[in-house]
Amino acid sequence: MTEATTANRSPGSLLQLMLRSGIGAPLLLMSVLAMVVLPLPPVALDILFTFNIALSVLVVMAVVNVSRPLDFAIFPTVLLLATLLRLALNVASTRVVLLHGHEGSHAAGKVIEAFGEFVVGGNYAVGIIVFAILTIINFVVVTKGAGRISEVSARFTLDAMPGKQMAIDADLNAGLISQDEARARRIEVRSEADFYGSMDGASKFVRGDATAGILVLLVNVIGGLAIGTLSHGLPFGEAARVYTLLTIGDGLVAQIPALLLSTSVAIIVTRMSRAQDLGSEVRAQLFTQPRALAVVGVLLGVMGLIPGMPNAAFLLFAAAFGGAAWWLRRRSEAAAAQPAAAAPAPVERAEPTELSWDDVQPADQIALAVGYRLVPLVDRNNGGELLARIRGVRRKLSQELGFLVQTVHIRDNLELAPNAYRISLGGAAVADGVVYPDRELAINPGRVFGKPQGIETRDPAFGMEAIWIEPGKREHAQTLGYTVVDASTVIATHISHVIQTHAHELLGYEEVQQLLNNLAKTAPRMVEDLVPKTVSLGVVVRVLQGLLAERVSIRNLRTVIETLAEHAPRTQDPQVLQSQARIALGRQIVQEIVGGNGELPVVTLEPELETLLQNSLTGAGGGSLEPGLAERLQGRLADSTRRQESLGEPAVLMVAPALRATLARFTRASVPGLHVLAWNEIPDNRRIRLAAAVGR
């Protein structure tokens, strides 16, 4: 059975087996080296030259048909292998030409003979001119331009990487994409940078190959003349004719695939990074403008009427372009003349009814009011993406915060400016902003290399410097280091920031009761013994609200409830219970601040200042700070926070447990980036590194 199976294997299955086993590439390299060292018969040269031409055509077709450059990420490696194959064939054919060229033009194989005799008509002077023209086109025009584009694309792609990475992080934080989608997009950004960097290097191979073709031609001609006249006694004219024709044929056989590969390099580096079909894009962008086609038709018609010109050719193309312009114009007019959708029938006005309690609507928990120019962002029928973005924000924040974020009610408001919006909580406005739906916001993340043209502003959510730019300048802004987002993302990110900041206001009795009901499905006895036997629902609500106000997620509700069950019999003070819950959640709190890093950089208070604060806040003086001391403390904590953020590290203030709650409330609004931790909230497995000490 095994022998029969082996005997019936096809060449294709053997090739697949070689590729799977990983020996295909080493065998190819060894074959290339063998062609350089071992002499090849003319038949083998014919087969290999034909394969080289077929491979070049195949690469060109693959480049034209891919949707985007990254779909052909192996192209730089293919380009290198094809270049090595062509150079090895040049060496092998040179050996054959110099050894057996005196035998006639057939000595180097049929392919070289055909290109030397048929393509250039057997005239070596014509062959030299044709080869020179092809080399100039390849070396000066195609290869040089492709190399320059590869270099610029690689540099711009690398410069744009930070901006693209921050755009992915912004979409992830706004809930627009999942972790898996963000990971895939980061991989794609890195792959794009690697691809254009590899293309920058691979283009140097193509340029060197073109230079090598010229040198090989000169060496073959001079060497052939010397060998033919001195070694084989051929007349100078005969030696020049034979060896030059063979050399020209050899050069053309190698130069045509080289030109094809150079063209494929130029095509792939000039493609845009987004997915597109080359043929469809050319047709859509070049041949769908009636005015341009009409102008071309008129110019060709005028030239066709000039005596002495090829009138038939010019008039034929003038008629073709004019007919295409007329047909496109008629089609656009027919599309514009289509009747609009029938208007809905007028609704009869109902008789006014008596008012009832149903007419008294409570204030929306979360509301978004938009100006009339922003209404299309909400309309799904017109491609509005704001609803989907807000839904993604709610889903992400519900998972992070630990409770279901209520629906965001969206309404238009004619009292607002056309491009303005307002975010309200419980009927009170808490944030507003202005966006331009026909533009995109380029946000300065802190390190950029220029400034695109547009409307200068600030990011509504975080106050960062930003510019509203035209959509066509998106890629240019990203290459300068900007993070570019659309108007829907700006509003969704602002809503996300508002919800995170005011999460404690969105958690009420109903939400906590629902959380307890869900927890009771897995731990019914614990929930029944706690509420309402040990502690009231109101105390649980205040504890959870306090945790959310200090940016602590309550998704680990079981630990919080267990802590309350343990300490509630001794105290009903929500502040004390909240402090105990923070100690139990210490590992989660520190992980949310520093992630997986085992080292925690902290800022501390000098002993003298800490003692003064403890006496001021816990003594008989009413628990207040002297205004001058409070102002100095606030300024120094803000300076330490900015210094830590500039180093790329979180700002954490570690204090005594008795001071933590008061200092957390004191710095919540004045120093928003500062995390205040008590020393007993830090897990034992975390290393602490003193970053700074704040004094009086």
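Positions are given from 1 along the sequence.
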Can you see which heavy atom on [X] is nearest to which on [Y], and at what distance?
| X | Y | result |
| --- | --- | --- |
| H497 | A461 | CD2-O, 3.4 Å |
| V435 | W468 | CA-CZ2, 3.5 Å |
| L441 | A466 | CD1-CB, 3.5 Å |
| E550 | A664 | OE2-CB, 3.8 Å |
| L386 | S488 | CD1-O, 3.6 Å |
| F449 | T479 | CD1-O, 4.4 Å |

Residue pair [X] / [Y], side-chain heavy-atom distance below 4.5 Å:
| X | Y | answer |
| --- | --- | --- |
| L507 | I554 | yes |
| V652 | I593 | yes |
| L387 | V378 | yes |
| V590 | L677 | yes |
| I443 | V490 | no |
| I366 | L425 | yes |
| L260 | V59 | no |
| Q365 | L506 | yes |

Practice problem: List the steps and the verdict of side-chain contact (heavy atoms from CB on, under 4.5 Å) for R458 and E465. | Solution: CA-CA 5 Å; R458 287 192 173 271; E465 294 182 359; 3.7 Å; yes
Does [X] use its side chain to pair, donor to acceptor, with the backbone of [Y] at less than 3.5 Å?
| X | Y | value |
| --- | --- | --- |
| R474 | V484 | yes |
| S640 | L637 | no |
| R373 | N419 | no |
| S56 | L261 | no |

Are there more than 12 heavy atoms of other residues, nucleotides or ligands under 6.0 Å from atom [atom1] of [X]?
| X | atom1 | value |
| --- | --- | --- |
| F462 | CZ | yes |
| E645 | CD | yes |
| R447 | CZ | no |

[atom1]/[X] to [atom2]/[Y] distance, rounded to the nearest 0.5 angstrom?
| X | Y | atom1 | atom2 | result |
| --- | --- | --- | --- | --- |
| L515 | R558 | CG | CZ | 14.5 Å |
| Q588 | R582 | CD | CZ | 10.5 Å |
| D432 | H494 | CG | NE2 | 7.5 Å |
| Y482 | H476 | OH | NE2 | 9.0 Å |
| D684 | R587 | CG | CZ | 9.0 Å |
| D486 | R439 | CG | CZ | 14.5 Å |

Practice problem: Evaluate side-chain contact (heavy atoms from CB on, under 4.5 Å) for F403 paired with L544, printing each intermediate quantity in order. | Solution: CA-CA 11 Å; F403 70 96; L544 296 180; over 6 Å; no
Practice problem: Determine, step by step, whether L404 and Q514 satisfy the side-chain contact (heavy atoms from CB on, under 4.5 Å) criterion, reporting the C-alpha distance in whole Å, the side-chain angles of both residues, the deciding distance to 0.1 Å, and the verdict. | Solution: CA-CA 9 Å; L404 180 63; Q514 186 63 45; over 6 Å; no
Quiz item: What do the steps show when you test I491 against L368 for side-chain contact (heavy atoms from CB on, under 4.5 Å), and what is the final call?
Solution: CA-CA 9 Å; I491 299 177; L368 172 66; 4.0 Å; yes
Self-check item: E181/K396 ion pair, N-O < 4.0 Å
Solution: no
Self-check item: Salt bridge flag under 4.0 Å for residues E592 and R551
Solution: no
